[in-house]
Amino acid sequence: MDIAHISSAHPWTDNRVHLREAAGLAAAGWRVLLVAVESDLDVPETGVQLRTVPRRRRLQRVVMSSAQALWIGWRSGATVLHLHDPELVWGIPVLRLLGRRVVFDAHEDLPNQVRTKAYLGRIGTALARVLASVVVRVAGTADRVVAATETIGDRFDERKTVLVRNFPRLRDDDEQAHDREPAVAFVGALDVARGAEVLADAVLHSSFPEGWRLRLAGPIRPAALVDGFDQGVERGRVELHGQVSPGAARDLLASSSIGVVTLLPTPAHLDCLPTKLFENMAAGLAIVASDFPLWRRMLRGYDCVTFVDPTDPAAVARAIADYAGDHGLLARHGAAAAAAARETFRWDREERALVEMYRTLIGDPAR
């Protein structure tokens, strides 16, 4: 192997880890192995070799799966081990001592992320922030760091940090006309911080348009949050699709009319670039999105989004109703979103940065 992508937390069907980064490097000609968590879902063949580790509870995963995944990656003989999880950073100094090159992929702003974990309590949060800072410091000793956002990249040495954002890989189907249904789509993991309670209230609000429904595809955690959508399901306003494959998720977007990305304003979310936002754009959806300064700056000049207060169910419902009642606005924002994805927010540009980083690290692929 030339490159081993390693994750003890992400399923092997993960968009960024497998379908974008590992698949892109394999397409460029390197021999690529992916070590990741088993999944019942499936994805098309990508040319990436696969080894899986079992799904485990959090503590078992951190202790057992991290060691197992690193061991598999090391035994593959890969020149570079590309690590995707904070729980794997302890392996960076070990692997470098053993003569391997290591890339750390920083998906999230870890010090800010731990501030959103209310269950940790005050003391637990303080300890977690200290630990997060240590993780960032150790991650920074890798040969290269791949950062998903500029904010994350600012925490590392700019001389060895490459920005590779979570923009989607465009599909041929995204360029074709679809029979749009009166549906609003939220694709991805959903919890309180991602707006689960707000969405549950929004579909029951008097402003939510009749004949429209909210489609949810992805895990809802904790499971008790599912109960909050029961009334919406009973009234025909909510569809629960559960966990679906990445391809099926994109198909669901393609047949919907509006995408909703109403993450709550936590420290981690304010500076994030959620892939679901750009997948909505690639699918040509008009978008209802959280009114975050970063998102406003990034989408300035693209007439494709209605910004709302993500903590206000009435504001979310009214924004959806405005689209439902104005087909011209809906069509204009959808077309502008698709154009923005084609022109700017697309994976192939990010992939070029990743491929160039590997060329400087290990040279051109042998095949």
Side-chain angles (χ1 to χ4, degrees), residues 1-39 43-56 61-107 135 138-148 156-157 159-164 169 347 350-367:
M1 290 293 107
D2 298 310
I3 303 163
H5 281 264
I6 301 174
S7 175
S8 52
H10 293 82
W12 70 272
T13 55
D14 184 82
N15 264 314
R16 179 178 176 90
V17 178
H18 184 178
L19 301 183
R20 293 176 189 155
E21 293 191 352
L25 294 171
W30 284 289
R31 296 166 298 178
V32 180
L33 171 71
L34 172 63
V35 184
V37 180
E38 63 187 8
S39 171
V43 299
E45 174 60 39
T46 60
V48 175
Q49 295 190 39
L50 178 67
R51 291 286 303 277
T52 61
V53 297
R55 282 175 287 194
R56 295 184 172 108
R61 189 193 80 201
V62 170
V63 176
M64 298 172 61
S65 295
S66 64
Q68 182 182 9
L70 287 169
W71 173 249
I72 294 171
W74 181 79
R75 288 200 64 190
S76 74
T79 304
V80 180
L81 285 85
H82 190 131
L83 312 184
H84 286 271
D85 309 311
E87 63 207 46
L88 299 173
V89 298
W90 63 268
I92 294 175
V94 176
L95 293 168
R96 296 191 73 203
L97 282 172
L98 292 171
R100 301 299 175 86
R101 296 174 189 176
V102 183
V103 173
F104 181 73
D105 207 303
H107 297 201
V135 168
V138 177
T141 67
D143 295 276
R144 296 288 190 278
V145 174
V146 175
F156 299 96
D157 185 346
R159 293 169 296 182
K160 59 179 179 181
T161 301
V162 178
L163 178 65
V164 179
R169 189 184 295 279
W347 171 250
E350 307 304 305
E351 184 176 276
R352 285 198 290 271
L354 182 67
V355 168
E356 183 58 31
M357 182 204 78
Y358 266 97
R359 286 200 171 107
T360 62
L361 186 61
I362 59 174
D364 290 325
R367 59 188 178 93

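All residue numbers refer to positions in the sequence shown, counting from 1.
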Sub-4.5 Å side-chain heavy-atom contact between Val355 and Trp30: yes
Listed once per pair and sorted, the salt bridge (Lys or Arg N to Asp or Glu O under 4.0 Å) pairs that draw on residues 350-359, sequence neighbours left out: Arg165-Glu350, Arg169-Glu351, Arg359-Asp364
Counterpart residues, ring-ring contact (aromatic ring centres under 6.0 Å, His included), relative to His10 (two or more places apart): His107
Residues in side-chain contact (heavy atoms from CB on, under 4.5 Å) contact with Pro93, at least two apart in sequence or another chain: Val138
Any donor-acceptor pair under 3.5 Å from Gln68 side chain to Leu70 backbone: no
Asp143 (side chain) donor-acceptor with Val102 (main chain) under 3.5 angstrom: yes
Minimum heavy-atom distance between Thr161 and Ala147, given as atom pair plus value: CG2-CB, 4.1 Å
Residue pairs fulfilling salt bridge (Lys or Arg N to Asp or Glu O under 4.0 Å) with at least one residue in residues 76-88, sequence neighbours excluded: Arg61-Glu87
Side-chain (Ser65) to main-chain (Val62) donor-acceptor, under 3.5 angstrom: no
Side-chain heavy atoms of Val146 within contact of His82, under 4.5 Å: yes
side-chain contact (heavy atoms from CB on, under 4.5 Å) involving Met64 - partner list, sequence neighbours excluded: Arg56, Gln60
side-chain contact (heavy atoms from CB on, under 4.5 Å) partners for Leu98, two or more places apart: Trp74, Val94
Any pair counted as salt bridge (Lys or Arg N to Asp or Glu O under 4.0 Å), so long as it reaches residues 3-26, sequence neighbours left out: Arg16-Glu21, Arg16-Asp105, Arg20-Glu279
Which residues share a side-chain hydrogen bond (donor to acceptor under 3.5 Å, both in side chains) with Arg75, sequence neighbours left out: none
Min side-chain heavy-atom separation Arg144-Val80 under 4.5 Å: no
Distance (rounded to the nearest 0.5 Å) between Leu25 CG and Asp2 CG: 10.0 Å
Arg100 side-chain N/O to Ala78 backbone N/O, donor-acceptor pair under 3.5 Å: yes
Exam field: side chain Arg101 to backbone Leu361, donor-acceptor pair closer than 3.5 Å: yes
Spacing of CE belonging to Met1 relative to CZ belonging to Arg31, to within rounding of 0.5 Å: 6.5 Å
Spatial distance of atom CG (Leu19) from atom OG1 (Thr13) [nearest 0.5 Å]: 7.5 Å
Closest approach of Pro11 to Ala36 (non-hydrogen atoms, all atoms of both residues): C-CB, 4.0 Å
CD1 on Ile72 to CG on Leu81, rounded to 0.5 Å: 11.5 Å
Arg51 side, atom CZ; Leu34 side, atom CG - distance, nearest 0.5 Å: 11.5 Å
Interatomic distance, Ser8 atom OG to His84 atom NE2 [nearest 0.5 angstrom]: 11.0 Å
With sequence neighbours excluded, residues passing ring-ring contact (aromatic ring centres under 6.0 Å, His included) with Trp12: His18
Met357 side chain reached by Val103 side chain, heavy atoms, under 4.5 Å: yes
